[in-house]
Enquirer: 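The structure is given below, and queries will be raised subsequently.
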Amino acid sequence: MPRQTPTVGIVSLGCPKALVDSERILTKLRSEGYRISPDYAGADVVIVNTCGFLDSAKQESLEAIGEAMSENGRVIVTGCMGVEEARIRDAFPDVLSVTGPHQYEAVVSAVHAAVPPVHDPFVDLVPPEGLRLTPRHYAYLKISEGCNNRCSFCIIPSLRGDLVSRPINRVLLEAEKLVKAGVKELLVISQDTSAYGLDLKYAESDFRGRPVRTRFFELAKELGELGVWVRLHYVYPYPHVDEVIPLMADGKVLPYLDIPFQHASPPVLKAMRRPAHAERTLERIRRWRDICPDLAIRSTFIVGFPGETEDDFETLLDFIEEAGIDRVGCFRYEPVEGAKANDLPGSVPDEVKEERWAALMEAAQEVSAARLQAKIGREIDVIIDRVDGDGATGRSVWDAPEIDGGVFIPHEDDLAPGDIVRARVVKASEYDLEADLV
Ligand code: SF4
């Protein structure tokens with residue numbers, strides 16, 4: 001039986017740049033198995049790539065959208081006139097999506113939402129969930145590329161550019177595919193997860209027939225509906241992060257936040273040009289823990305940043321203790337070629353960096369040990385990562401793979417990676433727990 005092939009029509013208006021955009025969109029869709037229809041009648045959905053250069057071009061674009069609506073009725077609008085979304089929606093409220101120029105990903109994802117691609121296991125080399133390098137039971141979900149911040153020690157924005165968020169429907173479709181393929185834990189990553197969608201002005205996109213905003217809270221909420229563990233990495237403590245804490249308290253999203261604070265002393269944070277450096281972080285963390293007492297916070301810090309005084313360092317140690325930072329990574333400051341921080345005065349000698357690093361790691365270890373001790377006797381969920389003759393090793397909701405501690409369950413060698421089991425904590429060390437199956 002021949003399979004039914006999803007088919008797309010395109011009307012391309014405007015200049016050669018717009019034509020190149022159309023070619024890119026079609027190339028991507030063709031590579032995914034879509035057929036291109038030469039007429040309206042044969043298309044499942046029609047893309048109108050508009051021009052907005054002159055009033056006459058805008059008029060022509062509106063006419064083209066109108067024709068596609070009446071001839072086909074399922075229309076995705078993109079291109080230069082797409083920046084006037086309100087005008088287009090006033091005239092044609094039923095268009096499926098509207099995006100501006102060069103937003104290939106958004107157009108392709110609107111096509112996916114309107115007519116999903118068909119996966120043919122005999123022809124396609126790549127499985128629907130893509131190729132992954134992680135074990136089968138967890139997967140990283142990249143939601144954006146680049147960063148709008150300009151931290152003085154970092155050159156990522158000059159390497160990768162400003163924030164470019166993936167439209168939320170595209171992220172959610174990928175997450176669904178991963179879950180269908182057996183993933184039990186999704187790890188949300190980016191350079192700045194809480195800024196997600198800012199570049200798209202939090203635009204709505206169509207996901208399973210309903211509009212969803214491309215925004216941090218909506219992302220966490222929708223992922224929380226998939227029935228798997230959802231872990232949020234690289235979150236900065238902007239005020240709107242408060243909104244996701246109730247999702248953690250309700251068990252929709254793991255009670256875990258990976259927040260790379262890097263420091264706690266205001267003058268150092270200012271010199272680092274850290275995002276959210278003016279927020280009252282300690283107060284905020286207390287409020288989060290009132291709502292979700294189980295919240296674990298992971299963070300990384302830099303010691304020996306230019307200008308860091310003994311007082312700054314003491315402030316940092318106090319912060320780690322007072323905030324009860326569960327998991328800590330620490331780096332000794334090193335200049336990176338091209339970073340602005342290289343020009344800052346007050347370089348800290350290597351031996352001082354070393355002392356501060358050791359003192360910080362010791363303080364962090366005490367916090368970690370105390371927080372893990374308090375878990376003894378509790379029943380917890382454990383996701384199993386590996387099993388050998390001695391037993392099973394997994395992680396609690398407070399441990400991300402590769403970077404945090406683990407939970408050892410002795411003698412249980414008939415469990416399998418990806419199993420999520422209930423266990424009672426019987427022992428705790430500085431970074432790890434031991435538990436027995438319940
Ligand atoms: S360190 Fe700062 S500039 Fe670099 S990626 Fe992170 S938030 Fe962006």
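Counting starts at 1 for both ligands and their atoms, following the listed order.
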Enquirer: Spell out, as yes or no, whether a donor-acceptor pair under 3.5 Å connects the side chain of R356 to the backbone of I302.
Expert: no

Enquirer: Show me which atoms of ligand 1 lie under 4.0 Å from any heavy atom of R274.
Expert: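 Matching atoms, with element in brackets: 1 (S), 2 (Fe).
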
Enquirer: For ligand 1, which atoms have a heavy atom of P157 less than 4.0 angstrom away?
Expert: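 In order of number, 3 (S).
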
Enquirer: Quick check, are the ring centers of F305 and Y333 under 6.0 angstrom apart?
Expert: yes

Enquirer: Is the centre of the F319 ring less than 6.0 Å from the centre of the F261 ring?
Expert: yes

Enquirer: Could you tell me the residue and atom name of the protein heavy atom closest to atom 6 (Fe) of ligand 1, and the distance to it rounded to 0.1 Å?
Expert: Y236 OH, 3.3 Å

Enquirer: Name the residue from V11, V75, L29 that meets the side-chain contact (heavy atoms from CB on, under 4.5 Å) definition with I47.
Expert: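 Answer after filtering V11, V75, L29: L29.
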
Enquirer: Near K221 NZ, under 6.0 Å, is it more than 12 heavy atoms from other residues, nucleotides or ligands?
Expert: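 For K221, atom NZ is not crowded (no more than 12 foreign heavy atoms under 6.0 Å).
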
Enquirer: Considering non-hydrogen atoms of the protein only, which is the closest contact for atom 8 (Fe) of ligand 1, and what is the distance?
Expert: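 Here the closest protein heavy atom is C147 SG, 2.3 Å.
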
Enquirer: When you measure from atom 4 (Fe) of ligand 1 to the N, O or S atoms of C151, does any of those distances fall below 2.8 Å?
Expert: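 C151 does not place any N, O or S atom closer than 2.8 Å to atom 4 (Fe) of ligand 1.
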
Enquirer: Check S144 against L163 and note the closest heavy-atom contact, atom names and distance.
Expert: OG-CD1, 3.6 Å

Enquirer: Please list, in number order, the atoms of ligand 1 under 4.0 Å from a heavy atom of Q191.
Expert: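 Within the 4.0 Å cut-off of Q191, ligand 1 contributes 5 (S).
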
Enquirer: State the atoms of ligand 1, each with its element, that fall below the 4.0 Å cut-off from a heavy-atom position in C154.
Expert: 1 (S), 3 (S), 4 (Fe), 5 (S)

